[in-house]
Chemist: 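Have a look at this one.
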Amino acid sequence: DALPIWKRVLCLCCLATIALLAILHAGEGAAVGSPRAAGPEEKQNPRKRIFMQGSDASSFIKKRGRRSPKSQGEINAENRQRLSADEQRREYHEEQRNEFENYVEEEQDEQQERTREQVEQWRQWHYDGLYPSYHYQRHNI
């Protein structure tokens, strides 16, 4: 029962390493396409083209180091992601701007209607039977 502390730490590290390797080995793949030509079943299902098998993914990750240049496929994929993010952002801001413009237009219309109603009420209240019925043209005796 009284194992030294270094044996406990070593055992814990070994168990963690085994669990991590089991999880990585069970993984289905990575989200990077392989440069091979797609088979007929992959052409039918576009989702299968996105993912590759775990062995292909691990060899792909080993193949390219951190400082080595990216392949043209990777650059194209990153550019496509960037362009789609820009398009989504542009659509979102355009929608927000349209909603705000509609809101402002409705508020202005309501304000103009209230002003028109108030002016009409004022003219009816101060109407003296003469035409035009403006206040500054009234006859003061």
Side-chain angles (χ1 to χ4, degrees), residues 1 3-141:
D1 285 326
L3 287 175
I5 190 82
W6 65 272
K7 285 186 179 180
R8 289 183 185 175
V9 171
L10 182 64
C11 183
L12 186 62
C13 288
C14 288
L15 287 175
T17 305
I18 291 171
L20 184 62
L21 287 175
I23 291 172
L24 290 177
H25 184 67
E28 287 294 317
V32 176
S34 61
R36 295 182 276 136
E41 70 278 350
E42 291 180 2
K43 289 181 181 175
Q44 294 172 357
N45 191 353
R47 290 186 181 184
K48 285 187 175 181
R49 290 189 303 132
I50 296 173
F51 297 99
M52 62 170 56
Q53 293 299 321
S55 58
D56 295 340
S58 64
S59 66
F60 173 81
I61 291 172
K62 289 176 187 174
K63 174 173 62 175
R64 188 171 85 78
R66 207 170 68 179
R67 292 174 150 271
S68 63
K70 296 178 181 176
S71 68
Q72 190 62 38
E74 289 176 287
I75 294 172
N76 292 341
E78 289 178 0
N79 286 339
R80 280 194 303 272
Q81 286 179 339
R82 195 174 298 119
L83 288 174
S84 67
D86 289 345
E87 181 65 25
Q88 288 177 351
R89 190 178 309 112
R90 190 178 308 114
E91 289 174 0
Y92 171 77
H93 287 298
E94 182 180 357
E95 181 180 338
Q96 293 294 315
R97 186 177 61 244
N98 289 340
E99 287 179 5
F100 181 71
E101 287 175 356
N102 291 340
Y103 168 77
V104 167
E105 186 176 347
E106 289 176 7
E107 285 293 317
Q108 288 176 347
D109 290 347
E110 290 175 6
Q111 182 63 37
Q112 289 173 356
E113 181 66 21
R114 286 193 295 268
T115 303
R116 191 193 62 76
E117 289 175 358
Q118 289 174 351
V119 168
E120 186 65 28
Q121 288 175 358
W122 185 89
R123 286 180 178 169
Q124 288 177 358
W125 176 259
H126 293 285
Y127 182 63
D128 58 357
L130 300 173
Y131 183 82
S133 60
Y134 297 110
H135 184 68
Y136 55 84
Q137 292 179 340
R138 298 181 84 163
H139 298 281
N140 293 329
I141 300 176

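Heavy-atom basis, side chains included; hydrogens, waters and symmetry copies ignored. For the single chain, residues carry numbers from 1 onward in sequence order.
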Chemist: Once side chain to side chain donor-acceptor pair (under 3.5 Å) is applied, do any residues pair with Glu117, and if so which ones, sequence neighbours excluded?
Modeler: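 Once residues adjacent in sequence are excluded, Glu117 has no partner under the side chain to side chain donor-acceptor pair (under 3.5 Å) criterion.
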Chemist: Return the set of residues passing side chain to side chain contact (heavy atoms under 4.5 Å, CB included) with Glu95 (not counting sequence neighbours), or none when no residue passes.
Modeler: Glu99
Chemist: Once you round to the nearest 0.5 Å, how far does CG of Leu15 lie from CG of Leu20?
Modeler: 12.5 Å
Chemist: Applying salt bridge (Lys or Arg N to Asp or Glu O under 4.0 Å), name anything that partners Arg97, two or more places apart in sequence or on another chain.
Modeler: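 Result, salt bridge (Lys or Arg N to Asp or Glu O under 4.0 Å) vs Arg97: none returned.
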Chemist: Taking atom CG of Leu12 and atom OG1 of Thr17, what is their separation to the nearest 0.5 Å?
Modeler: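 Reported to 0.5 Å precision, the distance equals 9.0 Å.
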Chemist: Distance alone, cut at 3.5 Å: any donor-acceptor contact between the side chains of Thr115 and Gln118?
Modeler: no
Chemist: Please list, chain by chain and in numerical order, all residues satisfying salt bridge (Lys or Arg N to Asp or Glu O under 4.0 Å) with Arg116, sequence neighbours excluded.
Modeler: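 Per chain and number, Arg116 pairs via salt bridge (Lys or Arg N to Asp or Glu O under 4.0 Å) with Glu113.
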Chemist: Extract all donor-acceptor atom pairs below 3.5 Å that involve side chains of residues 78-89 and protein atoms in other chains or at least two apart in sequence.
Modeler:
unit_1 : atom_1 : unit_2 : atom_2 : d
Glu78  : OE1    : Lys70  : NZ     : 3.0
Glu78  : OE2    : Lys70  : NZ     : 2.9
Asn79  : OD1    : Arg82  : NH1    : 2.7
Asn79  : ND2    : Ile75  : O      : 3.4
Ser84  : OG     : Arg80  : O      : 3.3
Ser84  : OG     : Gln81  : O      : 2.9
Asp86  : OD1    : Arg89  : NH1    : 2.9
Glu87  : OE1    : Arg90  : NH1    : 2.5

Chemist: Just list the side-chain donor-acceptor pairs under 3.5 Å for residues 100-107, sequence neighbours left out, or say none.
Modeler:
unit_1 : atom_1 : unit_2 : atom_2 : d
Asn102 : ND2    : Asn98  : O      : 3.3

